[in-house]
Amino acid sequence: LRATLKFRCFGGFSFNAGDRWRGAPARAHGGGLLAYLASHPRSAIFRETLSEAFWPELNVEQSAHRLHLAVSGARAAVRNAVPEINPIVFTNDAYAWNPSLEVESDTNDFERCFNNGSLSALREGVEIYAGEFLAGDHSDWILPMRVRYEQNYVTMLESLARSALQSGDYGRATNFALRLVEVDRANERATQLAMLSAANAGHRATALAYFDSLERYLRKWLGVEPTAGTRQLRTQILKGEIPQDTVNKQA
């Protein structure tokens, strides 16, 4: 007997077993453990690792009790979706998914697209990214993965924006650049790409407005000015000069 369990980890957390998407239980009732195992679908996670991730302040006996409750809650939640399979097994002091379960996740799909690197894969990947990894959960173990996924998302968007700009698809280039700006308002490369795309599309006032927005943000929140490269681009656009590709990859 085999079954498939699907997880969404971007923009929140939920799972699906073929009929409908279900919200995860509360963290204390196994939701955090489900998220951890979903993020490591092909790994066996030692009990000590889980205790350290979730209850580092507790002693061994207390954390063991909390882990027992969390595993019970996680099993109960998933068993409603795959009732004929014991979803989480314990072997050699480690927890893992039952080998009879095929575990899929949007994070795995996202990484596949990032590693592929083709334009079609990158376009698929940026649509998979529906928000920050496990949004709303501030557990320490999540932060490194959240940062890595966001950095990959930024890299994908920038590649797509540059490709669209070079091919003359200025509307799509602007869209990707503005999505970059949404992720990091202080990212000057993103604003430069948006300015170039809008200027090449004939929207000079819009391009200049992107610069103004960046300038206000940097002054208010960081107390700095846009770099010389971004200011030079603004000056060129003001003069009616439309550079084709002046975005400094190192800005």
Side-chain angles (χ1 to χ4, degrees), residues 10-12 106 109-133 135-136 143-251:
F10 289 127
D106 54 357
D109 292 338
F110 178 80
E111 288 191 305
R112 169 183 53 78
C113 292
F114 178 79
N115 292 331
N116 180 290
S118 68
L119 290 178
S120 60
L122 296 182
R123 284 192 289 267
E124 179 185 354
V126 297
E127 296 310 318
I128 290 172
Y129 189 92
E132 68 178 13
F133 176 68
L143 182 59
M145 300 180 72
R146 180 175 291 163
V147 170
R148 176 166 61 85
Y149 287 131
E150 184 175 289
Q151 289 176 339
N152 290 350
Y153 177 62
V154 165
T155 298
M156 295 162 81
L157 282 174
E158 185 170 337
S159 295
L160 289 168
R162 289 181 183 279
S163 175
L165 179 61
Q166 291 166 5
S167 67
D169 190 347
Y170 303 127
R172 180 171 286 183
T174 302
N175 176 269
F176 289 133
L178 291 179
R179 289 172 70 172
L180 265 176
V181 173
E182 289 177 3
V183 176
D184 182 4
R185 291 282 304 280
N187 184 339
E188 291 200 43
R189 292 197 307 272
T191 296
Q192 289 173 12
L193 284 166
M195 291 169 66
L196 273 173
S197 301
N200 275 279
H203 305 304
R204 187 173 69 166
T206 300
L208 296 173
Y210 293 151
F211 175 88
D212 292 342
S213 177
L214 170 70
E215 185 178 51
R216 288 193 300 271
Y217 182 86
L218 293 178
R219 285 177 175 174
K220 179 176 181 179
W221 298 106
L222 301 178
V224 299
E225 298 291 328
T227 61
T230 308
R231 289 189 170 279
Q232 181 182 5
L233 179 58
R234 175 184 180 274
T235 299
Q236 290 174 306
I237 293 173
L238 270 173
K239 292 179 178 179
E241 302 172 8
I242 311 298
Q244 294 302 305
D245 187 7
T246 63
V247 179
N248 182 0
K249 295 183 179 181
Q250 302 303 319

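Only heavy atoms go into these numbers, but all of them, side chains included; no hydrogens, no water, no symmetry mates.
Taken to the nearest 0.5 Å, the CG atom of Leu157 stands 8.5 Å off from the CG atom of Asn175. Atom OG1 of Thr191 and atom CZ of Arg189 lie 11.0 Å apart (nearest 0.5 Å). The distance from atom CG of Asn116 to atom CD of Glu124, rounded to the nearest 0.5 Å, is 9.0 Å. The CD atom of Glu132 sits 12.0 Å away from the OH atom of Tyr153 when rounded to the nearest 0.5 Å. Distance check: Asp184 CG to Tyr217 OH gives 7.0 Å after rounding to the nearest 0.5 Å. One finds the OG1 atom of Thr227 at 11.0 Å from the CD atom of Glu225 (value rounded to the nearest 0.5 Å).
Residues forming a side chain to side chain contact (heavy atoms under 4.5 Å, CB included) with Lys239 (at least two apart in sequence, or on another chain): Thr235, Glu241. Partners of Glu111 according to the side chain to side chain donor-acceptor pair (under 3.5 Å) rule, which considers only residues two or more places apart in sequence or in another chain, are Arg148. Under the rule for a side chain to side chain contact (heavy atoms under 4.5 Å, CB included), the partners of Ala173 that lie at least two apart in sequence or sit in another chain are Ala164, Leu165, Ser197. Gln151 pairs by the side chain to side chain contact (heavy atoms under 4.5 Å, CB included) definition with Val147, not counting sequence neighbours. Residues forming a side chain to side chain contact (heavy atoms under 4.5 Å, CB included) with Glu127 (at least two apart in sequence, or on another chain): Arg179.
Of all heavy-atom pairs spanning Asp106 and Ile128, the tightest one is O-CG2, 3.5 Å. Nearest heavy-atom pair, Ala194 versus Ala177, reported as atom, atom and distance to 0.1 Å: N-CB, 3.5 Å. When all heavy atoms of Arg146 and Gly136 are compared, the closest pair comes out as NH2-N, 4.4 Å. Residue Met145 comes nearest to Phe133 through the heavy atom pair CB-CE2, 3.8 Å, listed as atom of the first residue, atom of the second, then distance. Nearest heavy atoms, Ala121 versus Cys113: O-CB, 3.2 Å.
The side-chain heavy atoms of Asn187 and Val181, taken from C-beta on, include no pair separated by under 4.5 Å.
A salt bridge links Glu158 with Arg162: the closest approach of a Lys/Arg side-chain nitrogen to an acidic carboxylate oxygen falls below 4.0 angstrom.
Judged by distance alone, with hydrogens and angles left aside, the side-chain atoms of Gln192 form no donor-acceptor pair with the main-chain N or O of Leu233 at under 3.5 Å. Here the side chain of Thr174 pairs a donor or acceptor atom with the backbone of Tyr170 at under 3.5 angstrom.
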Checking side chain to side chain contact (heavy atoms under 4.5 Å, CB included) for the pair Leu180/Val154: CA distance, chi angles, key distance, verdict? CA-CA 6 Å; Leu180 265 176; Val154 165; 3.5 Å; yes

| task | Before giving the answer on side chain to side chain contact (heavy atoms under 4.5 Å, CB included), spell out for Arg172 and Ser167 the whole-Å C-alpha distance, their side-chain angles and the decisive distance to 0.1 Å. | result | CA-CA 10 Å; Arg172 180 171 286 183; Ser167 67; over 6 Å; no

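The aromatic rings of Phe110 and Phe10 lie perpendicular to each other, with more than 60° between the two planes, well past the 30° mark.
No close placement of the Tyr149 and Tyr129 rings is indicated, their centers lying 6.0 Å or farther apart.
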Only distances under 3.5 Å count here; give the side-chain donor-acceptor pairs of residues 208-215 to other protein atoms, sequence neighbours excluded, each with its distance to 0.1 Å.
unit_1	atom_1	unit_2	atom_2	d
Ser213	OG	Arg185	NH2	3.4
Glu215	OE2	Arg219	NH2	3.2
Glu215	OE2	Arg231	NH2	3.0

